[in-house]
2 protein chains.
Amino acid sequence: MLSKKTKYGIKALTFLARQEDQTPVAIADIAKSETISLKFLESILLLLRHSGFLGAKKGKGGGYYLIKEPKDINMAHVYRILEGPIALLPCASHNFYEPCADCSDETTCAVRKLMTEVRDNTLLILENNTLADIAF
Amino acid sequence: MLSKKTKYGIKALTFLARQEDQTPVAIADIAKSETISLKFLESILLLLRHSGFLGAKKGKGGGYYLIKEPKDINMAHVYRILEGPIALLPCASHNFYEPCADCSDETTCAVRKLMTEVRDNTLLILENNTLADIAF
DNA sequence: ATATAATCTACTATTCCGATGGGGTAATAG
DNA sequence: CTATTACCCCATCGGAATAGTAGATTATAT
């Protein structure tokens, strides 16, 4: 299951992508419009800023805004930042690989075989979707 | 992330599928071979029996065995029993559908759009894989 | 100067997972 | 009959992760 963090993060990105111009939007406005806990959203937007998706402006009239164009924001990238590994098992992950303690032979593990196939396909879909694809 | 319950369940099914003949295998034997907590595995196998995948035989020489042939065991079915919904969001699930409390309009929700695409694809893969496909 | 709004740290409450252990019942092989 | 093994229910427990909260600080527009 997708965490609320990821869900809220994508919703916020979508909200910003759907803005007319790219003037900063206050956290409170996004939170209200998308029904998200203000403080929780705060931490998510901060993470997205540190990850290079968003810019921020402090003070009156400040807020967050997209740094890149929606069509240049890859959803696999977003997913990895917010949710973590795309694979359902650490042993089937590229970016977050970890062996299973209970697995004697990875090459004959049926679970890994299946989850690797799922992973490859999910990755393909996420990589082929940009923020523009899902927001519009 | 896949729960250990699902992981262990699939490993147990695989173990049974790889048996020479279909004489019952004691829980303890599976647990030892696959490094799974005995009591935990017990509850998983019970669930798989109630779901029609396994048969059980009590008493000496008893244990669990596959009821159907591995090629007739669909991994999407197994996944739903052990893990639950295939979709990463309840609003993108067929069998476990639930609307999001925070979502005003499902049809324009970008997260749902993306997760539906992921779901459709994952389902396709799970449905096209049988226990025989991953065990051998 | 003042109000606004992001930043950052730290904290809390709740929930779930994986596992453990107890205890007893029912079926079956020898 | 006896040993074995599945069945079944329950209670607990630590640890991790989620989701959300509080409060103080910093930057900026007016």
Side-chain angles (χ1 to χ4, degrees), chain A residues 1-12 16 23-67 82-85 88-90 96 98 100-103 111, chain B residues 1-12 16 22-32 34-67 82-85 88-90 100-102:
Chain A
M1 279 287 141
L2 207 67
S3 68
K4 295 208 172 177
K5 182 176 163 189
T6 303
K7 182 181 165 192
Y8 292 164
I10 298 178
K11 284 184 86 171
L16 291 175
T23 52
V25 180
I27 301 179
D29 292 346
I30 307 177
K32 197 176 174 187
S33 171
E34 301 292 328
T35 327
I36 304 172
S37 146
L38 180 72
K39 281 296 206 172
F40 190 28
L41 180 59
E42 188 184 307
S43 68
I44 297 168
L45 294 180
L46 202 58
L47 171 60
L48 289 172
R49 187 178 83 77
H50 287 155
S51 305
F53 295 106
L54 300 179
K57 195 183 169 193
K58 289 187 180 179
K60 201 170 188 176
Y64 282 97
Y65 52 91
L66 286 179
I67 280 185
L82 292 170
E83 190 73 16
L88 292 172
L89 278 184
F96 299 80
E98 250 181 82
C100 294
D102 57 291
C103 204
V111 189
Chain B
M1 279 288 139
L2 209 67
S3 68
K4 296 212 171 175
K5 182 176 162 188
T6 303
K7 182 180 163 190
Y8 292 164
I10 298 178
K11 284 184 86 170
L16 291 175
Q22 287 312 307
T23 52
V25 180
I27 302 178
D29 291 345
I30 307 177
K32 195 176 175 188
E34 301 293 327
T35 328
I36 304 172
S37 145
L38 181 71
K39 280 292 210 172
F40 191 26
L41 181 59
E42 186 184 310
S43 68
I44 296 169
L45 294 180
L46 203 57
L47 172 61
L48 288 173
R49 189 180 81 78
H50 287 154
S51 305
F53 295 106
L54 300 180
K57 195 183 170 193
K58 291 185 180 181
K60 200 169 189 176
Y64 283 97
Y65 52 91
L66 286 179
I67 281 185
L82 292 170
E83 189 73 17
L88 292 172
L89 278 184
C100 294
D102 58 291

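All values below come from the heavy atoms of this structure, side chains included, with hydrogens, waters and symmetry mates left out. Each chain gets a letter, A, B and so on, in the order the sequences are listed, and its residues count up from 1.
- For Lys39(B) and dG22(C), a side-chain-to-base donor-acceptor distance below 3.5 Å is present, hydrogens and geometry of angles not being considered.
- Using a 4.5 Å heavy-atom cutoff, the side chains of Asp102(B) and Lys11(A) are in contact.
- Between His50(A) and Gly62(A), it is Gly62(A) whose nearest contact on DNA chain C lies nearer the 5' terminus.
- Among residues two or more places apart in sequence or in another chain, the side chain to side chain contact (heavy atoms under 4.5 Å, CB included) test is passed with Ala26(B) by Asp29(B).
- Side chains of Lys7(B) and Cys100(A) form a contact here, defined as non-hydrogen atoms less than 4.5 Å apart.
- Atom pair Lys60(B):NZ and dT2(D):P shows a separation of 14 Å (rounding to whole Å applied).
- Candidate nucleotides dC8(D), dA6(C), dA19(C) were compared by shortest atom distance to the side chain of Phe40(B), and dA19(C) ranks first.
- Distance, Tyr65(A) OH to dA6(C) P: 12 Å, rounded to whole Å.
- Paired regions of DNA chain D, where each region holds three or more successive Watson-Crick or G-U pairs whose two hydrogen-bonding distances fall under 3.5 Å, are C:1-30 with D:1-30.
- Per the geometry, CD belonging to Glu42(A) stands 16 Å off P belonging to dT25(D), to the nearest Å.
- Nearest-nucleotide positions on DNA chain D place Leu38(A) closer to the 5' end than the other of Lys58(A) and Leu38(A).
- Regarding Met1(A), its CE atom lies at a distance of 16 Å from the C1' atom of dT15(C), rounded to whole Å.
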